[in-house]
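Okay, so here's the structure we're looking at.
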Amino acid sequence: MKTVVFDLDGTLADTSGDLIAAANACFRDMGAGDLLDVRMDAGTALRGGRAMLRLGMARMGRDAQDPLIDAYYQALLDHYARDIDTHTRLYDGAMDAVSMLKDRDYLVAICTNKPEALARELLTRLGVLDEFAAMLGADSLPVRKPDPEHLFETVRRAGGAPQRCVLIGDSDTDRNTSKAAGVPSVLVTFGPAGGDMAALAPERLLHRFGDLPDMVDDLMRET
């Protein structure tokens, strides 16, 4: 069967507010105060915990390889797990698009570089976990995006054929994953890094979720 695979952070949901809050809790523990801004640094937040810690270290005048990054990474995850859905919201129309895709006989799944337990917890709190046939996180396999096996195994667990899928994402990681897999990608323009997506030359750019089902139909006809 044909499968539509979604990234999570910055694609289905804007998680940046809760991620930045967790990072700032760590910086406060260090005595540095809130170093990240929810508007200015949202793009960094969606690249993960270590990216936020590195940015904070730089603003403290410390090296990007500072051992505090590894020392505080688990603390950041713990802070985030406690308040994982305070500010997070699904993007407008995201789940309507998922429903329409399923009505058109597509399998839908999630392939994210968020740790699996955190992704599962977030999707459960948002009430949408059961809408997806499979969900793999950063630690579900020995590899993660942009390794194409992360995408392929997500499709297999959903019940689909690996070469008959489309990846919906919001970053160069998602684009590089689709290239390595030899499958089309759709990159969303409404996330924090939306203005940069055209330069990555995906097969399609998505400005609103209402357009996604027809877009996927077109891509599947072309492949």
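For reference, positions follow the sequence shown, starting with 1.
Between the side chain of Asp18 and the backbone N or O of His87, at least one donor-acceptor pair lies under 3.5 Å.
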Solution key, residues 27-40 side-chain donor-acceptor pairs under 3.5 Å, sequence neighbours excluded:
residue, atom, partner, partner atom, Å
Arg28, NH1, Asp34, OD1, 2.7
Asp29, OD2, His79, NE2, 3.4
Asp37, OD2, Arg39, N, 2.9
Asp37, OD2, Met40, N, 2.8

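Hydrophobic clustering (side-chain heavy atoms under 4.5 Å, transitive across Ile, Leu, Val, Met, Phe, Trp, Tyr) keeps Met135 apart from Phe152. Hydrophobic clustering (ILVMFWY, side-chain heavy atoms < 4.5 Å, transitive): Leu19 and Tyr72 are in one cluster. Under the 4.5 Å side-chain contact rule for hydrophobic residues, Ile110 and Val155 do not share a cluster. A continuous path of Ile, Leu, Val, Met, Phe, Trp and Tyr side chains, each step under 4.5 Å between heavy atoms, connects Ile20 with Ile69, placing both in one hydrophobic cluster. Residues Tyr80 and Met52 share a single hydrophobic cluster, defined by chaining ILVMFWY side chains whose heavy atoms lie under 4.5 Å apart.
Within a 6.0 Å radius of CG in Asp92, other residues, nucleotides and ligands contribute 12 heavy atoms or fewer.
Residues satisfying the side-chain contact (heavy atoms from CB on, under 4.5 Å) test with Ser140, not counting sequence neighbours, are Glu116, Leu136.
With salt bridges taken as basic N to acidic carboxylate O contacts below 4.0 Å, one links Arg175 and Glu203. For Asp217 and Lys2, the salt-bridge test fails: no basic side-chain N is under 4.0 Å from an acidic carboxylate O. Salt-bridge annotation for Arg47 and Asp172: present, with a side-chain N of the basic residue lying under 4.0 Å from a carboxylate O of the acidic one. Salt-bridge annotation for Arg50 and Asp70: present, with a side-chain N of the basic residue lying under 4.0 Å from a carboxylate O of the acidic one. In this structure, Arg82 does not pair ionically with Glu121, as no charged nitrogen and carboxylate oxygen lie closer than 4.0 Å. Comment: Arg204 does not engage Asp211 in a salt bridge, judged by the lack of any side-chain N to carboxylate O separation of less than 4.0 angstrom.
In plain terms, the two heavy atoms of Ala97 and Pro213 that are nearest each other are O-CG, 4.2 Å. In terms of heavy atoms, Pro192 sits closest to Gly43 at CB-N, 3.6 Å.
The closest side-chain heavy-atom distance from Val108 to Lys102 is below 4.5 Å.
Below 30°, between 30° and 60°, or above 60°: for Phe132 and Phe6 the angle between ring planes is above 60°, a perpendicular geometry.
If you look at Phe190 and Tyr91, their ring centroids are closer than 6.0 Å.
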* Asked: What's the verdict on side chain to side chain contact (heavy atoms under 4.5 Å, CB included) for Thr154 and Thr3, showing C-alpha distance, side-chain angles and the deciding distance?
  -> CA-CA 10 Å; Thr154 301; Thr3 310; over 6 Å; no
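Checking each of Thr177, Thr173, Asp174, Asn113 against Lys145 for a side chain to side chain donor-acceptor pair (under 3.5 Å) leaves exactly one that passes, namely Asp174.
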